[in-house]
Amino acid sequence: MSAPPILDFSPFYGNDPVAKVHLVQQVKDCCLHNGFFQIVGHQVPSELQTKIFDCSKAFFDLPVEEKSKVSKELNTWNRGYELLRSQMLEVGTSPELKEGFYIGEDLPTTHPYFLEKKLNSGPNFWPSTLSPSPVSAEEFKETTTSYYHHVVSLAKDILKVLALTLDLDEEWFGEFVEGAVATMRLLHYPPQEKDSDEKLSRGIGAHTDFGAVTLLLQEEVDGLQVWEKETKQWLDVVPTKGAYVVNLGNMFMRWSNDRYISNLHRVINKSGKERYSIPVFFSGNPDYTISCLPNCTAEGQKPKYPPITVADCVGGSYKESYGRAAAHKAEQEQKAKGVAAQTSVPIAV
Ligand SMILES: O=C(O)CCC(=O)C(=O)O
Ligand SMILES: [Fe+2]
């Protein structure tokens with residue numbers, strides 16, 4: 001297989017049962033293979049996709065002092081601006097050459113998810129100006145919010161198709177998607193230096209995603225690569241205008257008893273151009289308990305994993321990743337003092 005196949009999702013919205021069965025089979029094959037596929041024929045308006053990239057560029061073009069006014073360091077629920085080189089997902093590489101802006105469902109501080117600190121829920125942080133760009137602060141907020149809701153809705157449709165791939169009722173994930181938490185990141189990857197070390201330079205290091213499904217929109221500049229374990233190669237995911245790259249996260253893999261795959265991917269921007277992308281991570285209802293999905297164990301076999309809430313499963317992955325990042329930092333500090341370094345392990349977002 002080459003890079004994730006591009007599937008036409010429109011039969012999901014149409015009246016042709018044969019075409020829909022074909023789509024379900026294609027999605028199933030991808031889930032079993034490496035958990036990645038791309039879709040066109042969805043219902044996210046292309047003008048909205050264009051508009052959100054205009055907003056994203058307008059924001060990242062701001063001086064760093066302006067962007068830092070909405071820094072995610074100013075809140076504890078992961079909203080707002082993340083500086084260049086803040087993350088390092090692949091131990092043994094350099095801090096990542098990307099900056100981001102986090103948006104989620106705009107929940108008030110009185111909401112139970114906020115009060116109970118569920119999966120970084122809470123109010124969004126908005127820039128007060130995008131001047132000198134023609135995008136107004138209000139337009140930025142409206143466009144990103146509208147886009148977020150369209151993609152969350154598409155994620156729910158994809159979950160309906162995933163239910164069908166497992167021979168379940170289309171509505172099987174209904175309770176799981178009700179009151180779902182999802183996080184969107186506007187991402188900007190500046191080009192890496194021409195002479196930078198291939199082994200060290202990353203836009204985003206090799207990782208797997210944490211939640212149920214991720215829906216990623218890339219602009220025209222490439223750089224995303226997906227791991228192909230059979231051939232031990234990184235495959236380029238060449239951007240297709242308007243297409244979503246969809247991948248399953250670690251929680252879905254666990255939920256399916258490892259039948260479906262959450263696969264490694266990374267970004268290296270060797271294009272010499274600015275790269276923009278927008279992933280939306282769909283986690284689900286934090287209070288929902290996932291226990292091995294039907295049709296995911298062999299006859300007479302027990303599930304590999306005990307039931308767990310979405311909040312504990314996705315939240316646990318976050319804690320683990322921060323723990324490893326902290327451990328790595330400590331290791332670097334030790335190394336600076338002359339102590340030998342440990343081996344490298346890819347970790348997840
Ligand atoms: O920017 C991309 O193409 C990939 C981003 C990604 O993998 C992530 O944010 O988890
Ligand atoms: Fe990812």
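Each ligand, and each atom within it, is numbered from 1 in the order the structure gives. As the structure is a computational prediction, the values presented were derived from the model and not from experiment.
Side-chain N/O atoms of Asn78 and Lys72 include a donor and acceptor closer than 3.5 Å. Asn120 and Tyr102 form no side-chain donor-acceptor contact under 3.5 Å, judged by distance and modelled atom types alone. Side-chain contact of Gln218 with Arg275: a donor-acceptor pair under 3.5 Å is present, judged by distance alone. Counting only N and O atoms by type, the side chains of Asn247 and Asn263 include no donor and acceptor under 3.5 Å apart.
For Lys273, the NZ atom sits in a loose shell: 12 or fewer heavy atoms of surrounding residues, nucleotides or ligands are nearer than 6.0 Å. When the shell of 6.0 Å around CD of Glu230 is examined, it contains more than 12 heavy atoms from other residues, nucleotides or ligands.
Annotation for ligand 1: atoms under 4.0 Å from non-hydrogen atoms of Pro279 are 9 (O). Residue Tyr189 approaches ligand 1 through these ligand atoms, each under 4.0 Å from one of its heavy atoms: 1 (O), 2 (C), 4 (C), 5 (C). Applying the 4.0 Å criterion to heavy atoms of Ser277 picks out, from ligand 1, the atoms 1 (O), 2 (C), 3 (O). Residue contact check: Val267 has heavy atoms under 4.0 Å from atoms 1 (O), 2 (C), 3 (O), 4 (C) of ligand 1. For ligand 1, the atoms lying closer than 4.0 Å to a non-hydrogen atom of His265 are 7 (O). Which parts of ligand 1 touch Leu187 is read off a 4.0 Å heavy-atom cut-off, strictly below it: atoms 1 (O), 5 (C), 9 (O).
Within the structure, the closest approach of Arg266 to ligand 1 does not fall below 4.0 Å when heavy atoms are considered.
Remark: at the Fe ion (ligand 2), atom NE2 from His207 and atom NE2 from His265 enclose 90°, rounded to the nearest 10 degrees.
Neither the backbone nor the side chain of Val245 has a heavy atom within less than 4.0 Å of ligand 1. Contacts between Arg275 and ligand 1 below 4.0 angstrom, taking non-hydrogen atoms only, involve the side chain exclusively. Of all the heavy atoms of Val237, none lies under 4.0 Å from any atom of ligand 1, so neither backbone nor side chain is involved. Residue contacts with ligand 1, taken as heavy atom pairs separated by less than 4.0 Å, do not involve Thr214 at all.
As for Asp209, its N/O/S atom nearest the Fe ion (ligand 2) is the one called OD1.
With sequence neighbours excluded, the residues satisfying side chain to side chain donor-acceptor pair (under 3.5 Å) with Lys57 are Glu219.
The six-membered or imidazole ring of Trp126 lies away from that of Phe59, with a centre-to-centre distance of 6.0 Å or more.
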Distance-only check: which donor-acceptor pairs under 3.5 Å involve side-chain atoms of residues 10-20, not counting sequence neighbours?
{"from": "Ser10", "atom 1": "OG", "to": "Asp8", "atom 2": "OD1", "distance (Å)": "2.8"}
{"from": "Ser10", "atom 1": "OG", "to": "Asp8", "atom 2": "OD2", "distance (Å)": "3.1"}
{"from": "Tyr13", "atom 1": "OH", "to": "Asp157", "atom 2": "OD2", "distance (Å)": "2.6"}
{"from": "Asp16", "atom 1": "OD1", "to": "Val18", "atom 2": "N", "distance (Å)": "3.1"}
{"from": "Asp16", "atom 1": "OD1", "to": "Ala19", "atom 2": "N", "distance (Å)": "3.2"}
{"from": "Lys20", "atom 1": "NZ", "to": "Glu170", "atom 2": "OE1", "distance (Å)": "2.9"}

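For Gln218, no nitrogen or oxygen atom sits less than 3.5 Å from a nitrogen or oxygen atom of ligand 1, counting backbone and side chain alike.
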